[in-house]
Amino acid sequence: MSEERSLNFLEEIVEEDMRQGKHAGRVLTRFPPEPNGYLHIGHAKSICLNFGLAQKYNGQTNLRFDDTNPTKEETEYVDSIKADIQWLGFEWANELYASDYFDIIYAFALTLIRKGLAYVDDSSPEEIAAQKGTPTEPGIGNQYRNRSIEENLRLFEQMKAGKYPDGAKVLRAKIDLASPVMHMRDPIMYRIKHAHHHRTGDKWCIYPMYDFAHGQSDAIEEITHSVCTLEFVPHRPLYDWFIEQLEIFPSKQYEFARLNMNYTVMSKRKLLQLVEQGYVEDWDDPRMPTISGLRRRGYTPNSIREFCERIGVARRENMIDLSLLEFCIREDLNKTAWRRMAVLDPIKMIIRNYPEDQFEETYSENNPEAEGGDGGRNIPFGRELWIERDDFMEDPPKKFFRLGVGLMVRLKSAYIVKCEHFEKDVDGNVTEIHCTYFPESRSGNDTSGISVKGTIHWVSVAHAKTAEVRLYDRLFQVEDPSNEHGDFKEYLNPNSLHIIPKAYIEADLDHAEMGKGYQFMRKGYFTLDKHSTPDSLVFNRTVTLKDSWVKK
RNA sequence: UGCCUGAUAGUAUAAUGGUAGUACGACGGUUUUUGGUACCGUUUGUCUAGGUUCGAAUCCUGGUCGGGCAACCA
């Protein structure tokens, strides 16, 4: 039953390692976010990859916060990251922090200094940049490069002791200023930052750089496969160099292409701008590609995991169609979401031959896709109904299977009606549609012999509840906003949010549960917004239904 | 013009020297009390030029095009 699926390149690496008996077949990965923002769908790819890879080979995954830059990191982000990973359905083996290793990493630095492989440099950032050269010209050394081991030891200890202000000195690896690889030109290992750290408080005033923290943390945890995105490829020689010189656990770094998706942006920097400058409500605005935004929008963990599975893993740059994400959530919700009726843009229908004060109940199953319909509910029906404005046309075209004078449709789970007449106001807007119904066409025991092409949804005027409904569209008008001229924010879609203050919904939706998806028949999938209250319901549209009817 | 990377339908992703396949999209059809779902079908592809080979998407050489690298960010 298990279809033979081909391995992605990382699975092949792991299997090859196992074949060779590396690490005795042990697999330990890690997911290493910096707690400086909220996780987005691109992180979901990395999470599914790291946790999935370990799971597949009976290994484990550590959650490690890469918190080496105290000025950008906050506990709020730590909490949201943990919540998002758990929501996605993954469990980490250990919750760890790079900052937990500051003492060890400091000792590592001393080791390198003693080996003559690191030195304290008093140059300014500008001087260091200038001395680094360019990709085509080699860099040059300075007088600090030849300091004695003793002097370096003393100065570095004084850096740690807080003797110098920010920027006065750095600790650099002594490698090769002429290396064709820019990252090997004596990279900075430690900088001075008199800043409060979200975990270590004021204990430290020097902090290791990424390159002297990440691989070291991997080694300390004995990570077997350190998987990251392609932009870290140039760092790999350095990653290996530090590990080799330090003679610590030989973790290996592997890189894959990060997720890009059209009609959105995926960098924390840009997402932060949208939040801070008020273009969206917050990190969890349902238009955001963040995990929390998708969750609020109504995406399920299952759909996101499925999406990550389908996009695959490779080293080639990619741009994934938003339509694939939408396919995944529709596929999931179609199987599970209860169907309900809701009229978003109402117009009144009057059934002339249905008695004025008469009502009846009609039964409808919750989900035709599920076994036994997943139960059902009764829906009140009467003479006056709300129907969707665009289910009626004054001059219907040839294949319009809805209402127009003389046309017939079935009211879902109820009767077939025929449109006899309509009324307009002075501005020419249609205000009422008058129909007659066929009593013998009742859903379930239709003996009318009439067959109609269209079925429309409706809500009884006398019983309808109301709700605010928020419709979302793509955040940007162009496929790749970051690649356009000028500021990416110029390409925001002005119609990404459309609020319907008062939609008429089936009374049963009173019992809608937070976190559950509902299909508003023929309209899409919806879910309760976090700001919804029993007295004033608010629904977010997760995604529309696929619509293959093209208007001419 | 230094170093590192990559190139297979519109978008992704397989084929590991032996029939270029799958998914999403698009288009068309069947079924349907959701113009949904399901099912069926159609469409379009190995960047280029040479070479090795009985045989190349795959190996070799040269080109072309794309991405990345010069933060006291990660």
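So you know, we letter chains A, B, ... as the sequences are listed, proteins then strands, and number each from 1.
Taking the centre of each ring, A:F307 and A:Y299 stay at or above the 6.0 Å mark.
B:rU11 atom P lies 18 Å from atom CD of A:E326, rounded to whole Å. Note: CG (A:N318) to C1' (B:rG66) measures 13 Å, nearest angstrom. Nucleotide B:rA12 holds its C1' atom 13 Å from the CG atom of A:L325, rounded to whole Å. Atom-to-atom, CZ of A:F256 to P of B:rU13 comes out at 12 Å; the value is rounded to the nearest Å. Rounded to whole Å, atom C1' of B:rU33 lies 15 Å from atom CZ of A:F401. Atom CG of A:L49 and atom P of B:rU13 are 13 Å apart (whole Å). One atom, CD of A:E388, and another, C1' of B:rG35, lie 14 Å apart when rounded to the nearest Å. A:N260 places its CG atom 13 Å from the C1' atom of B:rG66, with the value rounded to the nearest Å.
For the P atom pair drawn from B:rG63 and B:rU53, the interatomic distance equals 24 Å after rounding to whole Å. Remark: the separation of the P atoms in B:rG25 and B:rG51 is 43 Å, to the nearest Å. A distance of about 15 Å separates the C1' atoms of B:rA12 and B:rA26, rounded to the whole Å. Going from the P atom of B:rU11 to that of B:rG66 covers 16 Å, rounded to whole Å. Comparing B:rU32 with B:rA38, their C1' atoms sit 9 Å apart, to the nearest whole Å. When the P atom is compared between B:rU43 and B:rG10, the two are found 14 Å apart, to the nearest whole Å. To the nearest whole angstrom, the two C1' atoms, one in B:rA7 and one in B:rA14, are 16 Å apart. Separation of the C1' atoms belonging to B:rC40 and B:rC59 is 41 Å when rounded to the nearest angstrom.
Although no hydrogens or angles enter the test, the distance criterion places no donor-acceptor pair under 3.5 Å between the side chain of A:D332 and the main chain of A:C328. Judged purely by atom type and a 3.5 angstrom limit, A:H457 uses its side chain to pair as donor or acceptor with the backbone of A:A342.
Side-chain atoms of A:Y106 and A:E157 form no donor-acceptor pair, as typed in the model, at a separation below 3.5 Å.
For A:R410 against B:rU33, a side-chain N or O and a base N or O form a donor-acceptor pair under 3.5 Å. Remark: the A:E255 side chain and the B:rG6 base include no donor-acceptor N/O pair separated by less than 3.5 Å.
Both key distances under 3.5 Å define a Watson-Crick or G-U pair, and stretches of 3 or more such consecutive pairs in RNA chain B run B:2-7 with B:64-69, B:10-13 with B:21-24, B:26-30 with B:38-42, B:47-51 with B:59-63.
Both tests do not hold together for A:K418 against A:F438: distance to the six-membered ring centre under 6.0 Å, angle to the ring axis within 45°. Both the sub-6.0 Å distance and the 45° axial angle are satisfied by A:K516 relative to the ring of A:W338. Relative to the six-membered ring of A:F520, A:R340 misses at least one condition, a distance below 6.0 Å or an angle of at most 45° to the axis.
Contact between the side-chain N/O atoms of A:R315 and the OP1/OP2 oxygens of B:rG6 is found at a separation under 4.0 Å. Dashed line: the shortest gap from a side-chain N or O of A:T455 to OP1 or OP2 of B:rU32 is not under 4.0 Å. Proximity of A:R402 to the phosphate of B:rG35: no side-chain N or O atom is located under 4.0 Å from OP1 or OP2.
Checked against A:S448 for a side-chain contact (heavy atoms from CB on, under 4.5 Å), the options A:N445, A:I450, A:V452 give a single hit: A:I450. Each of A:E360, A:E440, A:R410 was evaluated against A:Y415; a single residue qualifies, A:E360, per the side-chain hydrogen bond (donor to acceptor under 3.5 Å, both in side chains) test.
Ionic pairing of A:R19 and A:E16 is present here: one or more N-O contacts between side-chain nitrogen and carboxylate oxygen are shorter than 4.0 angstrom.
Heavy atoms of A:R185 sit nowhere under 4.0 angstrom from any nucleic acid atom. Looking at heavy-atom distances under 4.0 Å, A:Q519 makes contact with a base. Using a 4.0 Å heavy-atom distance criterion, A:F400 is classed as a base contact. Within 4.0 Å of A:S443, counting heavy atoms only, lies at least one base atom of the nucleic acid. Counting non-hydrogen atoms under 4.0 angstrom, A:G139 reaches nothing in the nucleic acid. If you check every strand for non-hydrogen atoms under 4.0 Å, A:M319 touches sugar and phosphate atoms only.
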> Tell me, for nucleotides 67-74 of chain B in 5' to 3' order, what letter each nucleotide earns: B for a base near a protein heavy atom under 4.0 Å, S for only sugar-phosphate near one, - for neither?
Replying inline: S-SBSBBB
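Place A:S441 and A:R236 on RNA chain B by their nearest nucleotides, and A:R236 ends up nearer the 5' end. For A:A314 and A:K523, each mapped to the nucleotide of RNA chain B holding its nearest heavy atom, the one lying further toward the 5' end belongs to A:A314.
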>> Go through it in stages, so that I can follow the logic: the residues are A:H214 and A:Y210, the test is ring pair (Phe, Tyr, Trp, His ring centres under 6.0 Å), and I'd like the CA-CA distance, side-chain angles, deciding distance and then a yes or no.
In response: CA-CA 6 Å; A:H214 199 99; A:Y210 167 84; 5.0 Å; yes
>> Evaluate A:W458 against A:F381 for ring pair (Phe, Tyr, Trp, His ring centres under 6.0 Å), listing each step before the verdict.
In response: CA-CA 9 Å; A:W458 52 273; A:F381 179 88; 5.3 Å; yes
N/O contacts under 3.5 Å, protein versus nucleotides 23-25 of chain B?
unit_1 : atom_1 : unit_2 : atom_2 : d
B:rA23 : O2'    : A:R310 : NH1    : 2.5

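Classified by interplanar angle (parallel below 30°, tilted 30° to 60°, perpendicular above 60°), the ring pair A:Y97/A:F65 is parallel.
If you take OG on A:S226 and CZ on A:R30, they are separated by 3.5 Å, rounding to the nearest 0.5 Å.
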